[in-house]
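Scroll down for the structure; my scribbles are underneath it.
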Amino acid sequence: MRMSGFQINLNPLKELLGFIKVLEWLASIFAFATCGGFKGQTEIQASCPPKLTENKTTTAVFCYPFRLNEASFQPPPGVNVCDVNWKSFVLIGDYSSSAQFYVTFAVFVFLYCIAALLLYVGYMNLYLDSCKLPMIDFVVTLVATFLWLVSTSAWAKALTDIKIATGHNIVQEILPGQNKEALCYFSSVTSMGSLNVSVIFGFLSMTLWGGNAWFVYKETSLHSPSNTFAPHSQGGISPPAGI
């Protein structure tokens, strides 16, 4: 009988079933790290002639989970810019739901990949002898593929809105920019290249999980039901010969 104890065997990692799982694990790390670790700021310059002819910079810092409506503008320490209470002016929008859904799901995928790799490496005999484990793995793979599509699409839409909310349009949205005494100009915003990468890894993960579904499916009884019980037969009565 095959042993069901932990036995390290790296051969499954050399096959597509295990190798793609490693790629999925790495992609999930890049997905939640590039999104969850982002921190940026948007800057506008203000002047109020004739009191203040020199432009002064006010900055709004934003980061994950991108509750922009909590990011207020801050002037330089000790500087009074046009007698305006800049802290009362914030960016517009709350995109935390899409960002947190994306990052949380990526973390769950990361944990599942670790569990699946431990199963492949240490309990491959148990995995192959079981009817339920490959089927559970197959169902999880299909669900993960769908959720990668949903979460990445939602996050990509939110990222587009974040770029708009922190870009040139902010000057038109804040009151000092509409005040004739305070002249406001958009200065800069932190590059969001890492957030673009997070979207790329999201769709890449969806592709990996969708492709891996076939290799997991091959291990289930749905693919070869006639062979499902063959490895489990240990002796027994031989079938009668045909007449």
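Just so it is clear, the structure is predicted and the values come from calculations on it, not from any experiment.
Taking CG of Asp129 as the reference point, atom OH of Tyr123 lies at 14.5 Å (rounded to 0.5 Å). Going from atom CZ of Phe105 over to atom OG of Ser28 covers 9.5 Å, rounded to the nearest 0.5 Å. The distance from atom NE2 of His168 to atom OG1 of Thr42, rounded to the nearest 0.5 Å, is 9.5 Å. Note that CZ of Phe215 is 13.5 Å distant from CG of Asp137, once rounded to the nearest 0.5 Å. Here CE of Met124 is found 12.5 Å from CG of Leu10. Values are rounded to the nearest 0.5 Å. With values rounded to the nearest 0.5 angstrom, Leu149 atom CG is found 12.0 Å from Ser205 atom OG.
With sequence neighbours excluded, the residues forming a side-chain contact (heavy atoms from CB on, under 4.5 Å) with Lys39 are Val61, Cys63, listed by chain and number. Applying the salt bridge (charged side-chain N to carboxylate O under 4.0 Å, His left out) rule to Lys157 yields the partners Asp161; only residues at least two apart in sequence or on another chain are considered.
When every heavy atom of Lys87 is checked against every heavy atom of Ser72, the shortest pair comes out as O-CB, 3.3 Å. Across Phe201 and Tyr102, no two heavy atoms sit closer than the pair C-OH, 4.3 Å. Scanning both residues, Ala156 and Val199, for their nearest heavy atoms gives CB-CG1, 4.0 Å. For Val90 against Leu68, the heavy-atom pair with the smallest separation is CB-O, 4.3 Å. Nearest heavy-atom pair, Ala213 versus Leu142, reported as atom, atom and distance to 0.1 Å: CB-CD2, 4.0 Å. Counting all heavy atoms, side chain and backbone alike, Thr57 lies closest to Pro76 at O-CD, 3.0 Å.
The closest side-chain donor-acceptor pair between Ser198 and Trp155 falls under 3.5 angstrom. There is a side-chain donor-acceptor pair under 3.5 Å between Gln41 and Glu43.
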* To do: Kindly indicate, with the supporting measurements, whether the criterion side chain to side chain contact (heavy atoms under 4.5 Å, CB included) is fulfilled by Met192 and Thr166.
  => CA-CA 11 Å; Met192 300 185 189; Thr166 58; 3.2 Å; yes
* To do: Report the C-alpha distance between Asn9 and Tyr120 in whole Å, list the side-chain angles of each, state the deciding distance to 0.1 Å, and finish with yes or no for side chain to side chain contact (heavy atoms under 4.5 Å, CB included).
  => CA-CA 8 Å; Asn9 181 11; Tyr120 293 165; over 6 Å; no
* To do: Determine, stepwise, if the pair Phe138 / Tyr217 fulfils ring-ring contact (aromatic ring centres under 6.0 Å, His included).
  => CA-CA 6 Å; Phe138 178 60; Tyr217 170 76; 5.5 Å; yes
* Give the C-alpha distance, both sets of side-chain angles, the deciding distance and a yes or no for side chain to side chain contact (heavy atoms under 4.5 Å, CB included) between Val140 and Tyr112. => CA-CA 9 Å; Val140 171; Tyr112 177 79; 3.5 Å; yes
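Atom OH of Tyr127 is surrounded by more than 12 heavy atoms from other residues, nucleotides or ligands within 6.0 Å.
Using cut-offs of 30° and 60° for the angle between ring planes, the Phe66 and Tyr64 rings count as perpendicular. Ring geometry, Trp25 versus Phe110: the interplanar angle falls under 30°, so the pair is classed parallel (tilted spans 30 to 60°).
A single hydrophobic cluster is not seen to contain both Ile92 and Ile44; linkage of ILVMFWY side chains at heavy-atom distances under 4.5 Å, directly or through other members, places them apart. Residues Ile136 and Phe108 do not share a hydrophobic cluster, defined by chaining ILVMFWY side chains whose heavy atoms lie under 4.5 Å apart.
Not one N or O on the side chain of Ser130 forms a donor-acceptor pair closer than 3.5 Å with the backbone of Leu126. When atom types are taken as modelled, the side chain of Thr220 and the backbone of Val216 share no donor-acceptor pair closer than 3.5 angstrom.
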